[in-house]
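Throughout, a chain's letter reflects where its sequence line sits, starting with A, and its residues are numbered from 1.
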Number of protein chains: 2
Amino acid sequence: MSSPEHLKTIGLKATLPRLRILELFEKSPVRHLAAEDVYKKLVEEGTDSGLATVYRVLTQFEQAGLLVRHHFESGKAVYELNQGSHHDHLVCLQCGHVEEFYDAEIEKRQEKVAEERGFRINDHSLHIYVDCTKPACPRKGNP
Amino acid sequence: MSSPEHLKTIGLKATLPRLRILELFEKSPVRHLAAEDVYKKLVEEGTDSGLATVYRVLTQFEQAGLLVRHHFESGKAVYELNQGSHHDHLVCLQCGHVEEFYDAEIEKRQEKVAEERGFRINDHSLHIYVDCTKPACPRKGNP
DNA sequence: TTTGATGCAAATGTTTTGCATTGCA
DNA sequence: TGCAATGCAAAACATTTGCATCAAA
């Protein structure tokens, strides 16, 4: 929920930009949004926020664990709502469509690789980049 | 080999900056270098090249398949010599040290994940981020 | 009221590009 | 010589920061 209380529990004032941004992630059919995307949507809906605020809020939300940040090949950071369950990403190189997946075996093997080398995993990112120039692409023709 | 012939076979003139950059990757004990790193090394060794040229050459080498580009969490792109064998990366969040690994099972499962969803893999990146605040870190105390 | 949050503009860091000059082939 | 490659400076992006103003508590 994007209630003011929720923000307060993580030590942040329930300001308009913060509420709107959280709401936006909760309602958007596209789970993965870049700062620019968020900014544009705020402008569209008339919430007059600055891009700097969007960046600051996204960073705070990530630190608070509300959002998760990813870096795909595009170069820009994208955020998605943190819904607890870890997953990796499959990204369309043509249209940017993102699908999530989880494979227990892959997770297990990563643990093993790190352990064998004497490291403890802090985090990981696995991105499978695919082509969507085929009928099955879920967002064919959509830039 | 970093011979002029090698460059010509990929359709590039054997210019000084190109030869030096290729040589640099072949001789460097640190396999993963960012554009800035390459530029600094060139300046150090007296080869007076511009940063723009370094970026152009790195891009060309990547397109020619001589180098492979990666984006770790640092935000900047790093390149490494393409020695044919695919591998993934384990990156120290503290010191930036990079280790390479290959796990056939992980590769296999990725294929499976993509196939199940009707995609053909174009590429993938798997980065395991670890902490090196422990005696076993191979580059402990090295920023 | 008081402190934290915002908006704007300027700064930063990385990468790209325009254009005149240089240098392989 | 001729066209590709270079160097420099400026532009283009994504992101961060300084600071005066504003608003939630």
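Hydrophobic clustering (ILVMFWY, side-chain heavy atoms < 4.5 Å, transitive): V98(B) and L93(B) are in one cluster.
The span of DNA chain C lying next to chain A, judged by atoms under 4.0 Å from heavy atoms, is bounded 5' to 3' by dT3(C) to dA9(C).
Looking at K112(B) and E115(B), no side-chain N of the basic residue comes within less than 4.0 Å of a carboxylate O on the acidic one, giving no salt bridge. Contact check on E36(A) versus K76(A) returns no salt bridge, with no Lys/Arg side-chain nitrogen under 4.0 Å from an Asp/Glu carboxylate oxygen. Using a cut-off of 4.0 Å between Lys/Arg side-chain N and Asp/Glu carboxylate O, E44(A) and K41(A) are scored as not salt-bridged.
Within residues 57-71 of chain A, no residue is approached by DNA chain D to less than 4.0 Å at the level of any non-hydrogen atom. For the segment residues 46-56 of chain B, the set of residues with a heavy atom within less than 4.0 Å of an atom of DNA chain C comprises L51(B), A52(B), Y55(B), R56(B), in numerical order.
Nearest heavy-atom pair across H86(A) and Y102(A) is O-CD1, 3.2 Å. C92(B) and F119(A) make their closest contact through SG-CE2, 4.2 Å (heavy atoms, listed as atom of the first residue, atom of the second, distance). Residue L7(A) comes nearest to A14(A) through the heavy atom pair CD1-CA, 3.9 Å, listed as atom of the first residue, atom of the second, then distance. Minimum interatomic distance between Y39(A) and S49(A) (heavy atoms only, all atoms of both residues): CE1-O, 3.1 Å. Residues V54(B) and A35(B) approach most closely at CG1-O, 3.6 Å, considering heavy atoms.
Counting only N and O atoms by type, the side chains of H70(B) and E80(B) include a donor and acceptor under 3.5 Å apart.
Straight-line distance from the OH atom of Y79(A) to the P atom of dA14(D): 14 Å, rounded to whole Å.
H32(B) pairs in a ring-ring contact (aromatic ring centres under 6.0 Å, His included) with only one of the listed residues (H71(B), H89(B), H127(B)), which is H89(B).
Remark: E100(B) CD is packed, more than 12 non-hydrogen atoms of other residues, nucleotides or ligands lying under 6.0 Å away.
Listed by first then second residue, pairs satisfying side-chain hydrogen bond (donor to acceptor under 3.5 Å, both in side chains) with a partner in residues 53-69 of chain B read R18(B)-Q60(B), not counting sequence neighbours.
Here the side chain of N82(A) pairs a donor or acceptor atom with the backbone of G65(A) at under 3.5 angstrom.
Two end axes, each from the C1' atoms of five base pairs, can be drawn for the helix from dT1(C)-dA25(D) to dA25(C)-dT1(D); they diverge by 30°, to 10 degrees.
You'll find the side chain of L24(A) stays beyond 4.5 Å of the side chain of R20(A), heavy atoms only.
Within 4.0 Å of A77(A), counting heavy atoms only, lie sugar-phosphate atoms of the nucleic acid but no base atom.
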I'd like a table of atom pairs between the protein and nucleotides 22-25 of chain D - only N or O on both sides, under 3.5 Å - with the distance next to each one.
residue : atom : partner : partner atom : Å
dA25(D) : OP1  : A14(A)  : N            : 3.3

